[in-house]
Amino acid sequence: PSAQIGVTGLATMGHNLARNLARHGFSVALHNRTQERVDALVAQHGDEGTFVPVSSLEELAAVLERPRRVLVMVKAGPATDAVIDDLAGVLEPGDIVIDGGNAHFADTRRREAALKEKGIRFFGVGVSGGEEGALNGPSIMPGGDREAYQALAPMLEAIAAQVGGTPCCTYIGPDGAGHFVKMVHNGIEYADMQLIAEAYDLLRSALDETPAQLADVFETWNSGDLESFLIEITVRVLRHVDGATGRPFVDVVVDEAEQKGTGLWTVQTALELGVPVSGIAEAVFARGVSSHSGQRERARGLLPGPAGRPHVDDRDAFVEDVRKALYASKLVAYAQGFDMMRSANERYGWDIDRGAVATIWRGGCIIRARFLDRIREAYDRERELPSLLFDAYFTQALVDGQEAWRRVVSLATASGVPVPGFSSALAYYDALRADRLPAALIQGQRDLFGAHTYRRVDRPGSFHAGWSGDGQEEER
Ligand code: NDP
């Protein structure tokens with residue numbers, strides 16, 4: 001028997017991707033370190049397509065059509081390195097290794113370079129959509145050799161989510177570009193979730209309404225600009241009632257948000273690239289604050305806040321204000337995330353097409369949303385748009401929303417409801433549009449204590465002021 005593609009690593013993700021491939025008519029060789037997973041897949045789902053079970057990597061290499069294609073879906077980190085090393089021993093030049101795990105893009109760059117020396121073509125592929133997406137259509141972000149992509153495109157594009165006949169999979173760029181884009185996706189996901197949570201918190205603090213009633217608000221929002229998977233699941237979570245107590249589910253869940261680390265990677269990378277992703281960073285920090293239960297416990301009895309809850313005169317007007325604040329903040333967070341791709345293109349010599357990224361995020365992945373069509377259109381209008389906020393559609397949304405945004409942040413601040421996402425997005429917006437920033441003062445401070453020099457508004461050059469001595473400015 002022969003197979004068109006092999007999958008090694010048949011835990012949740014590999015298992016489901018293998019089935020997805022088979023259901024689309026591709027013959028799939030199955031391999032896993034522990035044989036039980038291979039046998040279980042064949043026993044339970046063997047009738048879904050053509051599976052070729054194997055029990056060693058040598059056997060895997062023997063049954064695959066050339067050039068061989070092997071999808072690695074094992075635990076990220078050292079396990080992935082170990083499996084890739086073993087694979088390299090049984091593959092030949094021209095063969096293609098695809099890492100569909102959650103690798104850091106720097107690891108992908110390293111692995112790609114190492115395998116290239118052996119003539120093996122390595123792909124780092126971001127897969128979003130979790131267990132369900134892997135089976136029924138994820139969003140797929142492949143990075144690697146463009147020519148080798150031709151050998152993968154028919155498979156990856158077939159198993160990806162489809163939106164209006166367009167697959168949620170496209171070639172992203174060389175080496176680590178696919179995993180980079182997947183990382184940015186996850187960072188944006190953190191920001192989006194935080195912003196939705198802040199909107200909920202504000203509504204709940206200001207209005208005397210139950211989570212189920214607030215679910216209705218989010219449901220209404222889901223029929224407009226904010227329509228998205230994350231708003232949809234927010235409705236479900238808010239409506240959910242705890243079976244044991246009959247209380248709203250959100251009220252019985254410990255309010256400490258956990259994280260697996262891709263938000264951290266996004267922010268670390270953004271810091272290195274010098275791209276301000278304050279919305280994503282605040283979202284990561286907000287999860288951190290929530291988890292510091294000891295400090296929160298002590299602060300509760302110690303640190304004062306304003307008396308009473310936020311006061312709202314007109315309920316419906318307030319709800320609309322929060323909706324606009326949420327949308328404006330979301331625009332900023334997405335603009336910041338897409339800005340990381342612009343910067344990575346410069347740093348790594350990639351050519352990530354941001355409009356194409358918006359297109360493949362419209363289905364399969366966690367941040368899938370109607371809004372991504374607006375982003376795609378923005379990049380259609382201007383491929384190298386320096387910031388999404390400059391596109392006419394987004395500018396208009398900010399014109400329409402900025403007063404509401406300010407009212408919401410003011411009310412939250414005055415009444416002690418934490419809105420780090422809303423307020424940092426607004427601060428970014430105001431900083432970007434400011435005539436003058438106090439960065440001039442910082443330059444003065446730097447020059448005074450460290451002779452770091454400054455530039456002048458009225459003539460070119462670098463200068464150092466005469467802080468001591470004769471007081472004369474000198475050109476450096
Ligand atoms: P896990 O991350 O839990 O990994 C388990 C798999 O890795 C098993 O097949 C296991 O084999 C294999 N494995 C672990 N160590 C080794 C090793 N040293 N040598 C060989 N095989 C090893 O599986 P998931 O399916 O959850 O995820 C797979 C990848 O996909 C990960 O990188 C994950 O981060 C990523 N991912 C996961 C998503 C999700 O929602 N779960 C979403 C998107 C990506 P054995 O059966 O023998 O133990």
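Order of listing sets the numbers, starting from 1, for every ligand and every atom in it. Please read all numbers here as calculations on a predicted model, not as lab measurements.
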Under a 4.0 angstrom heavy-atom cut-off, which atoms of ligand 1 come close to Val127?
43 (C)

Among non-hydrogen protein atoms, atom 47 (O) of ligand 1 lies closest to Thr34 OG1, 2.4 Å

Work out which heavy atom in Arg347 is nearest to a heavy atom in Glu272; give both atom names and the distance.
NH2-O, 3.2 Å

Atom 34 (O) of ligand 1: nearest protein contact (heavy atom, Å)
Asn102 CB, 3.3 Å

Atom 41 (N) of ligand 1 has as its nearest protein heavy atom Met13 CG, 3.7 Å

How far is atom 4 (O) of ligand 1 from its nearest protein heavy atom, and which residue and atom is that?
Lys75 N, 3.4 Å

Give yes if a backbone or side-chain nitrogen or oxygen of Ala82 is under 3.5 Å from a nitrogen or oxygen of ligand 1, and no if not.
no

If every non-hydrogen atom of Asn20 is compared with every non-hydrogen atom of Gly133, which pair is closest and at what distance?
ND2-O, 4.3 Å

For atom 17 (C) of ligand 1, what is the closest protein heavy atom, and at what distance to 0.1 Å?
Arg33 NH1, 3.2 Å

Electrostatic pair Glu219-Arg239, nearest N-O below 4.0 angstrom
yes

First locate atom CZ of Arg69, then atom CD1 of Ile98, and finally report the distance between them rounded to the nearest 0.5 Å.
8.0 Å

Identify the protein heavy atom lying closest to atom 28 (C) of ligand 1, giving its residue, its atom name and the separation to 0.1 Å.
Met73 O, 3.5 Å

Considering distance alone, does some N or O of Lys182 sit under 3.5 Å from an N or O of ligand 1?
no

Among protein heavy atoms, which sits nearest to atom 9 (O) of ligand 1, and what does the distance come to when rounded to 0.1 Å?
Asn32 OD1, 2.7 Å

Between Thr80 and ligand 1, which part of the residue brings a heavy atom under 4.0 Å of the ligand: side chain, backbone, both or neither?
neither

Let me see the working for His185 and Ile366 under side chain to side chain contact (heavy atoms under 4.5 Å, CB included), right down to the final yes or no.
CA-CA 8 Å; His185 166 282; Ile366 305 299; 4.1 Å; yes

Interfacing atoms of ligand 1 (cut-off 4.0 Å, heavy-atom, Gly130)
40 (O)

Is there a polar contact, in the sense of an N or O pair closer than 3.5 Å, between Val74 and ligand 1?
yes

Atom 15 (N) of ligand 1: which protein heavy atom is closest, and how many Å away?
Ala79 CB, 3.4 Å

Given Phe371 and Tyr327, is the ring-ring contact (aromatic ring centres under 6.0 Å, His included) satisfied, shown in steps?
CA-CA 10 Å; Phe371 165 74; Tyr327 195 53; 5.8 Å; yes

